[in-house]
S.K.: 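Below you will find the structure I want to go over with you.
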Amino acid sequence: MRKVERINIIMRYINNRAHFTISEIMQEFHISRSTAIRDIREIETMGMPLVAEVGRDGGYFVMKNSVLPTVRFTDNEIKALFIAFMATRNLQLPYLKSRQSLAEKLLGLISANQQDDLVLLNQILLFEGTNPHNPDLLDLSDIPLPMLEQLIQLILSDSYLVVSVEEGSIIRSYSIYVLHLYREKSSWQIEGFDLEEEKRRIIPVDNLTDVTPYSGKKRTTKKKIIELLSKQEKAINLVLELGPKAIAQYKKYHPLDISISYTNPYQSTAILKTFINVHHSEELSEIANWLLFLGGDMKIREVPKEVVEGLQERLSVYRE
């Protein structure tokens, strides 16, 4: 536990107690006597009115009618929060109204000089989706999907759901266990386990018409679901190493069921592993076209011969 985090927790601990001793702090937070004393002294310098009691059973108590000191942000913390807000504008994130009120409260907590810094940052920094003609400080203008917050609230209560999905002109319902809710290719997706068909299912949140708690009896445990899915995993037959240019192309477009794993902290190299159904002509054609789209900044480690043949066919057409 970091020092700042520990001190904040200790402050809340002692603020809720009428009396405490150094020994109790040591035992509660598993720290040495010298560390406990240093933390108490630092808490006193932060403004918490502690009164020391002398004697064999002495300790400390918080002066009556005292409260925790006001939370204060450093200049860098303010900038970090603000930039996080800017970077997530126009991304259809849930809880938009709460993000708006957080931004307003943040502005109310900071000084005029800090506000001026944020206004300048807002003029200088442009992120994907920012409107350069109206980069307003509180302009969180993205419109989250109406079903998204409802979906999240239900998932927090129970991962077993019944989702109704518009598929063409038909509404179909699926009983699922939600594995993940993620944003991919500018849209939100549910990765779920179909409780009836016992298979993985990807459901676009855009297409949801209704979400309700699952009341059926077929509640397979998460452990059993993971076991079933691991057995169903198809053998990997396409392995690619991607450089920064190929990663940029991947972000522009990729088949929905294909993902990459970054291989360094800077996300400048990645590896892609997936299964290609060589008996499905449309999938073969899409993958061949997509590999050409990725460009030369990649290394093919493993690939089905049918995909190689598709690539050679397309390259021969280009040469002609």
Side-chain angles (χ1 to χ4, degrees), residues 163 165-170 172 174-207 220 222-264 267-320:
V163 296
V165 187
E166 185 176 352
E167 298 179 354
S169 58
I170 302 173
R172 289 192 171 91
Y174 301 102
S175 300
I176 64 168
Y177 177 88
V178 178
L179 296 166
H180 298 101
L181 178 64
Y182 64 96
R183 193 170 181 273
E184 183 80 14
K185 296 170 70 174
S186 300
S187 63
W188 286 92
Q189 312 288 335
I190 300 172
E191 180 189 3
F193 179 78
D194 191 315
L195 298 171
E196 301 298 328
E197 299 186 19
E198 295 191 341
K199 67 177 185 179
R200 192 187 306 269
R201 187 177 291 281
I202 304 296
I203 299 170
V205 177
D206 280 339
N207 297 351
T220 308
K222 183 178 181 179
K223 181 179 179 180
K224 182 66 175 176
I225 288 171
I226 299 301
E227 290 175 356
L228 286 170
L229 289 175
S230 64
K231 291 178 182 178
Q232 294 173 10
E233 291 295 332
K234 299 169 183 175
I236 291 172
N237 59 3
L238 177 65
V239 180
L240 307 176
E241 291 183 9
L242 307 183
K245 293 181 181 178
I247 291 173
Q249 290 295 91
Y250 167 88
K251 290 179 178 179
K252 291 178 183 177
Y253 170 74
H254 64 271
L256 194 61
D257 57 348
I258 289 181
S259 60
I260 61 175
S261 299
Y262 293 105
T263 53
N264 70 16
Q267 298 188 354
S268 59
T269 59
I271 190 165
L272 182 153
K273 297 181 180 181
T274 191
F275 170 80
I276 305 300
N277 186 352
V278 297
H279 303 296
H280 195 296
S281 58
E282 291 182 2
E283 183 174 344
L284 274 177
S285 178
E286 180 184 14
I287 288 298
N289 289 333
W290 183 63
L291 291 177
L292 292 174
F293 171 76
L294 288 179
D297 190 25
M298 70 168 180
K299 295 179 181 178
I300 298 177
R301 294 303 184 193
E302 184 178 342
V303 63
K305 62 180 180 61
E306 290 84 355
V307 175
V308 175
E309 292 169 357
L311 288 170
Q312 291 173 339
E313 181 180 340
R314 281 159 180 74
L315 290 173
S316 64
V317 171
Y318 294 152
R319 293 192 190 100
E320 295 174 0

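Worth saying up front: this structure is predicted, and the values here are computed from it rather than measured. Quick note: numbers below take in every heavy atom, side chains included, and nothing from hydrogens, waters or symmetry partners.
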S.K.: Is there side-chain contact between I247 and S268, with at least one heavy-atom pair below 4.5 Å?
M.R.: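 Not touching, per the 4.5 Å side-chain cut-off.
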S.K.: Report yes if the side chains of L291 and M298 come closer than 4.5 Å at any heavy-atom pair, otherwise no.
M.R.: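 Answer yes - side chains close enough.
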S.K.: Looking at CG of L272 and OG of S261, how far apart are the two atoms once the value is rounded to the nearest 0.5 Å?
M.R.: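 One finds 8.5 Å between CG of L272 and OG of S261.
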S.K.: Please give me the minimum heavy-atom distance between E191 and Y182, naming the atom from each residue.
M.R.: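 Heavy-atom minimum between the residues: CB-CE2, 3.9 Å.
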S.K.: So do the side chains of I287 and I258 get within less than 4.5 Å of each other, counting heavy atoms only?
M.R.: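 Yes. Closest side-chain heavy atoms under 4.5 Å.
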S.K.: Filter on salt bridge (Lys or Arg N to Asp or Glu O under 4.0 Å), then keep only pairs touching residues 272-283, sequence neighbours left out; what's left?
M.R.: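 Residue pairs passing salt bridge (Lys or Arg N to Asp or Glu O under 4.0 Å), neighbours aside: none found.
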S.K.: What is the minimum heavy-atom distance between A288 and G310, and which atoms define it?
M.R.: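 Taking every non-hydrogen atom into account, CB-C, 4.2 Å.
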S.K.: What's the spacing between I260 CD1 and T274 OG1 if we round to 0.5 Å?
M.R.: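 OG1 of T274 is found 12.5 Å from CD1 of I260.
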S.K.: Answer yes or no: is there a donor N or O on one side and an acceptor on the other, between the side chain of N237 and the main chain of I276, under 3.5 Å?
M.R.: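 Looks like yes, one N/O pair under 3.5 Å.
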S.K.: side-chain contact (heavy atoms from CB on, under 4.5 Å), that's the test. Do E227 and K223 meet it? Break it down for me.
M.R.: CA-CA 6 Å; E227 290 175 356; K223 181 179 179 180; 3.7 Å; yes
S.K.: Considering only heavy atoms from C-beta outward, does the side chain of F293 approach that of Y250 to under 4.5 Å?
M.R.: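 Contact flag for F293/Y250 side chains = no.
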S.K.: Rounded at 0.5 Å granularity, tell me how far CD1 in I271 sits from OG1 in T263.
M.R.: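 If I round to the nearest 0.5 Å, the distance is 7.5 Å.
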S.K.: Testing the basics here: between P244 and D297, what is the closest heavy-atom pair and its distance to 0.1 Å?
M.R.: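 For P244 versus D297, the nearest heavy atoms are N-OD2, 3.1 Å.
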S.K.: Out of curiosity, T269 OG1 to K299 NZ, how far, rounded to the nearest 0.5 Å?
M.R.: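 Going from OG1 on T269 over to NZ on K299, the span is 10.5 Å.
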S.K.: To the nearest 0.5 Å, what is the distance between CD (E313) and CG (L311)?
M.R.: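 So the CD of E313 and the CG of L311 are separated by 10.0 Å.
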S.K.: Check whether T220 reaches the backbone of I225 with its side chain - one donor and one acceptor, N or O, closer than 3.5 Å.
M.R.: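 No.
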S.K.: Pick from R201, K199, R200: which one makes a side-chain hydrogen bond (donor to acceptor under 3.5 Å, both in side chains) with D194?
M.R.: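 Only one of R201, K199, R200 forms a side-chain hydrogen bond (donor to acceptor under 3.5 Å, both in side chains) with D194, namely R201.
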S.K.: Any heavy-atom pair between the side chains of L240 and L294 that's under 4.5 Å?
M.R.: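 The answer is yes; the side chains approach within 4.5 Å.
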S.K.: Answer whether the closest heavy-atom distance between the side chains of S285 and R314 falls below 4.5 Å.
M.R.: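 The answer is yes, as the side chains (C-beta and beyond) meet within the 4.5 Å cut-off.
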S.K.: As a quick check of understanding, evaluate side-chain contact (heavy atoms from CB on, under 4.5 Å) for I190 and V205, giving each step before the final call.
M.R.: CA-CA 7 Å; I190 300 172; V205 177; 3.9 Å; yes
S.K.: Hey, what do you get for CG (L181) to CH2 (W188), rounding to the nearest 0.5 Å?
M.R.: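 These two atoms lie 5.5 Å from each other.
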S.K.: Mind checking ring pair (Phe, Tyr, Trp, His ring centres under 6.0 Å) for Y174 and listing every partner two or more places apart, or none if nothing turns up?
M.R.: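 None.
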S.K.: Tell me whether S230 contacts the main-chain N or O of I226 through its side chain, where contact means a donor paired with an acceptor under 3.5 Å.
M.R.: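 Confirmed, S230 side chain pairs with I226 backbone.
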S.K.: Report the residue from E166, E197, E167 that forms a salt bridge (charged side-chain N to carboxylate O under 4.0 Å, His left out) with R172.
M.R.: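 Option passing the salt bridge (charged side-chain N to carboxylate O under 4.0 Å, His left out) with R172: E167.
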